[in-house]
Amino acid sequence: MMFQKGFLWGGDISANQAEGGWNEGGKSPNMTDYQLGGTKDIPRMITYQMPDGSYGQTIAFIESVKLPKDAKLAIIPDKFYPNHKATDFYHHYREDIALFAEMGFKALNLTLSWARIYPNGVKGGINKEGVDYYHNVFQECKRYGIEPLVHLYKYDMPAFYVTEMNGWLNRGLIEEFYQFSKFAIDEYKNEVNYWSTFNEINVQQFAILNRNDKQEYQEAYTRLHHQLIASAKVVKYLHDNYHEKKIGCMVAGIFTYPYTCDPKDQLLNQKSMQEYVYYCADTFVRGYYPSYSKRLFKELGIEIKVSEEDARILLEGKVDFLEFSYYFTNLSTIHNEDTELTSGNLMGGVKNPYLQVSEWGWAKDPDGLKFYLHELYDRYQIPLINCENGLGAIDVLEDDETIHDDYRIDYLKSHVKAMSEAIDEGVDLIGYTTWGCIDLVSAGTGEIRKRYGFIYVDIDDEGNGTYNRYKKDSFYWYKKVIESHGEEL
Ligand code: BG6
């Protein structure tokens, strides 16, 4: 096993899925605060109110919601909004970080809530209470020698940016994000050494999957262009001002294989990987749009204007490391007849007959992790961090307060083994932060029963429960893994 001494073992949580405190400490609502819970089969709805007082619900990607004329985002009384209290990290962070430390975490991947720091945009000024909250969180990490790896953005800008400014479609958001990021980088300079600009930046592309709507494609790629420019500007700011610190960006690792040996499946898969994973990563790692982007724009019937200034910004803002999530793999095929389908994060697809699936239908594929670690490292030759990986499953809290999650241990064990093999074979993987290291609200379904954590939080899908924390069997397992530098699995 080749995990280096300084390997960043740890876990990952995000503000809107863990913190709660949605209207506390001066925070303004973000889009996830208007999302109801769903299930694997029932989508999450965004709620609004009409001028006559009636309420409505709509399905939409949270960054691009279009409400009926005169409607306003609204909270419907008596409905349960899972992200409002989430798993209450906002009030439990001391206890939770102490538990992470007990497992021996070297790193904690987390996101800043933009709406907690600049609730009303840059013009509205900073919210000191929100700023202090993150100082407290980072100080707590420091106490235990845990390195915070901080994402500046994870689908949770203040909601008014979306409803009043048209979100990332508005180029003005670049400056808002840049000012917010500059502020955070300066403010937390004594506490944070690793930054990341966007979480799963390629998510825009999944939101428009199979829409066949030119306008939607145009808008999604425009939003993405603005995010890529914003990211590059922030990367340059950090490089210019803090030479010793590192900054990355992250893609959702929605990796696919060709389903058959039909060359047409190979081509389809190549296109799918280019479009959904490499398009963003190629741009923020290499500093320019990939050559196939021209073909892609043509096929989608869209136009993305990259001015000379944009091109310069992209080139000056190349990241130091690449972060990616990895949960499962999918298949690409033109042979859709007689194939069984399965689900997945952001994108479902044809079922791989060689793989088992989770309770939510996601195909478990540790070999795929090894495969894609090689692919990513060969392509980019910069350090990698696997910042999200894990198994969403239903756990049972026994009468004696134990939780026997051997299925999660098996899943994680096989993935750690895959990573160690890839490292042995030359991949520069510098960190592993498992997703939802403490139970939190599922992004896709809003459920809490879809648990990923080493630590169980006692609440149900309606928010009933004590919010007490309990260690699962995987807690003790991961502690041993970290202690032994990945030797004892
Ligand atoms: C990742 C997201 O893509 O998938 C997380 O970044 C999310 O926010 C995770 O929670 C798992 O997905 P889900 O739908 O099970 O929460």
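Read the numbers this way: they start at 1 and go in the same order the structure lists the ligands and their atoms. Sequential numbering from 1 along the given sequence is applied to the chain's residues.
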**Q** Taking the six-membered ring for Trp, are Tyr411 and His415 ring centroids under 6.0 Å apart?
**A**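 Tyr411 vs His415: aromatic centres under 6.0 Å.
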
**Q** Backbone or side chain, does any N or O of Val441 fall under 3.5 Å from an N or O of ligand 1?
**A**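 In fact, backbone or side chain, Val441 has no N or O that close.
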
**Q** Is the shortest N/O to N/O distance between Trp435 and ligand 1 below 3.5 Å?
**A**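 Yes, Trp435 has an N/O under 3.5 Å of an N/O on ligand 1.
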
**Q** Would you please say whether a donor-acceptor pair under 3.5 Å links the side chains of Asp282 and Tyr292?
**A**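 Yes, because at least one side-chain N or O of Asp282 sits under 3.5 Å from a partner of the opposite role on Tyr292.
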
**Q** Could you pull out, from Glu388, Lys450, Arg451, the option with a heavy atom nearest to atom 1 (C) of ligand 1?
**A**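 Among Glu388, Lys450, Arg451, the closest heavy atom to atom 1 (C) of ligand 1 belongs to Glu388.
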
**Q** What part of Leu440, side chain from CB on, backbone N/CA/C/O, both or neither, has a heavy atom under 4.0 Å from ligand 1?
**A**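 It is neither; nothing of Leu440 touches ligand 1.
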
**Q** Below 30° counts as parallel, above 60° as perpendicular, anything between as tilted: where do the rings of Phe7 and Trp9 land?
**A**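 Rings of Phe7 and Trp9: perpendicular, as their planes differ by over 60°.
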
**Q** If the contact criterion is a heavy-atom separation under 4.0 Å, does Trp362 count as touching ligand 1?
**A**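 Per 4.0 Å heavy-atom rule, Trp362 contacts ligand 1.
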
**Q** Need the ligand 1 atom indices (1-based, order shown) with element for anything under 4.0 Å from a heavy-atom of Tyr327.
**A**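 Those qualifying, in numeric order: 1 (C), 4 (O), 9 (C), 11 (C).
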
**Q** Could you tell me which atoms of ligand 1, counted from 1 in the order shown, lie closer than 4.0 angstrom to a heavy atom of Gln17?
**A** 5 (C), 7 (C), 8 (O), 10 (O)

**Q** Counting each atom of ligand 1 from 1 as listed, which ones have a heavy atom of Lys154 under 4.0 Å away?
**A** 2 (C), 5 (C), 6 (O), 8 (O)

**Q** What atoms of ligand 1 come within less than 4.0 Å of a heavy atom belonging to Ser442?
**A**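 Reading through ligand 1 atom by atom, the close ones are 13 (P), 14 (O), 15 (O), 16 (O).
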
**Q** In this structure, is the centre-to-centre distance between the rings of Tyr161 and Trp168 below 6.0 Å?
**A**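 When the ring centroids of Trp168 and Tyr161 are compared, they turn out to be at least 6.0 Å apart.
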
**Q** Quick check on contacts: which atoms of ligand 1 are under 4.0 angstrom from a heavy atom of Gly444?
**A** 13 (P), 14 (O), 16 (O)

**Q** What residues form a salt bridge (Lys or Arg N to Asp or Glu O under 4.0 Å) with Lys182, not counting sequence neighbours?
**A** none

**Q** Against the six-membered ring of Tyr194, is Lys246 placed for a cation-pi contact (under 6.0 Å from the centre, within 45° of the normal)?
**A**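 Checked: cation-pi criterion not met.
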
**Q** With atoms numbered from 1 as shown, which atoms in ligand 1 lie under 4.0 angstrom from a non-hydrogen atom of Asn199?
**A**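 Those of ligand 1 that fall under 4.0 Å from Asn199 are 6 (O).
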
**Q** Step by step, would you call Asp405 with Lys472 a salt bridge (Lys or Arg N to Asp or Glu O under 4.0 Å)?
**A** CA-CA 7 Å; Asp405 57 343; Lys472 303 182 193 176; 5.0 Å; no

**Q** Any atoms of ligand 1 less than 4.0 Å from a non-hydrogen atom of Tyr452? List them with their elements.
**A**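 Reading through ligand 1 atom by atom, the close ones are 11 (C), 12 (O), 13 (P), 15 (O).
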
**Q** Shortest non-hydrogen contact from Ile75 to Thr47?
**A** CA-OG1, 4.3 Å

